[in-house]
Amino acid sequence: GAVVSQHPSRVICKSGTSVKIECRSLDFQATTMFWYRQFPKQSLMLMATSNEGSKATYEQGVEKDKFLINHASLTLSTLTVTSAHPEDSSFYICSARDRDRGTYEQYFGPGTRLTVT
Amino acid sequence: EDKVVQSPLSLVVHEGDTVTLNCSYEVTNFRSLLWYKQEKKAPTFLFMLTSSGIEKKSGRLSSILDKKELFSILNITATQTGDSAIYLCAVGRIQGAQKLVFGQGTRLTINP
């Protein structure tokens, strides 16, 4: 149980284009999902908290117009990197809290490696 | 500012050795401390600790929390090459959206 999937697992795009990453909770309902990015040899940095049916809450320094987050259902959140630049190249990971567990335990997706050329 | 610090940042040992990884924190409204193991992809959950002094154990891995001294340790006994990974410590707070604050991670390498 508690499986989170991400799609795509790897994407290469050209500078200036937009990329959408999907995060799905497969066997549980997630009222809250989190989006992280991770640079090589660094830890996870929280970008934003995504709540089902409401606007995402962004961490300081994260541009909300550049990283668009939509949490349209209890099992799906999407992150769209708009007008991507090479410095956006990173490993993006989502996590989800199980609504019915009510704990701080977060289940992570397998991550999406974005390369912007 | 909330802070989670792990040490060492990197550790190389031989198979069969026992290792201890450290995590100290300064977080307002502490709720829980979590340990994750990260190999090539996303982190996998190991332990969640909320109470001081109670050891959690899973096979060769164990962890304990000291809320007075604000730290936790993760022990791995009889290490195997499959234990090679980055071990992440994260702290959850009572308030807010239950966000986790992550430490930098400890990169553990087990040599045969």
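Since we're looking at a predicted model, the values are computed, not measured. Letters A, B, ... are given to chains in the order of the sequence lines, protein chains preceding strands, and every chain is numbered from 1.
Under the 4.5 Å side-chain contact rule for hydrophobic residues, L88(B) and F47(B) do not share a cluster. In terms of hydrophobic clustering, with Ile, Leu, Val, Met, Phe, Trp and Tyr side chains grouped at heavy-atom distances under 4.5 Å, I21(A) and F91(A) are assigned to different clusters. Residues V62(A) and M33(A) are members of separate hydrophobic clusters, defined by side-chain heavy-atom contacts under 4.5 angstrom among Ile, Leu, Val, Met, Phe, Trp and Tyr. Linking Ile, Leu, Val, Met, Phe, Trp and Tyr residues whenever their side-chain heavy atoms come within less than 4.5 Å leaves L44(A) and V27(B) in two separate clusters.
Contact annotation for Q6(A): neither backbone nor side-chain heavy atoms come within less than 4.5 Å of a heavy atom of chain B. For L46(A), the part lying near chain B is the side chain, with the backbone staying farther off; criterion is any non-hydrogen pair under 4.5 Å.
When the shell of 6.0 Å around NZ of K64(A) is examined, it contains 12 or fewer heavy atoms from other residues, nucleotides or ligands. The environment of NE2 in H7(A) is sparse: at most 12 heavy-atom neighbours from other residues, nucleotides or ligands sit within 6.0 Å.
Distance check, rounded to the nearest 0.5 Å: CD of Q38(A) to CD1 of I86(B) gives 6.5 Å. To the nearest 0.5 Å, the span separating NZ on K99(B) from CD on Q106(A) amounts to 11.5 Å. In this structure, S95(A) OG and F45(B) CZ are separated by 12.5 Å, a value rounded to the nearest 0.5 Å. Separating the OH atom in Y36(A) from the CZ atom in F102(B) is a distance of 4.5 Å, to the nearest 0.5 Å.
Checked by atom type and distance alone, the side chain of S43(A) pairs as donor or acceptor with a backbone atom of G103(B) at under 3.5 Å.
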(Q) I'd like to know whether I93(A) forms a side-chain contact (heavy atoms from CB on, under 4.5 Å) with Q38(B), so could you lay out the CA-CA distance, the side-chain angles of the two residues, the decisive distance to 0.1 Å, and finally the verdict. (A) CA-CA 12 Å; I93(A) 306 176; Q38(B) 185 177 26; 4.0 Å; yes
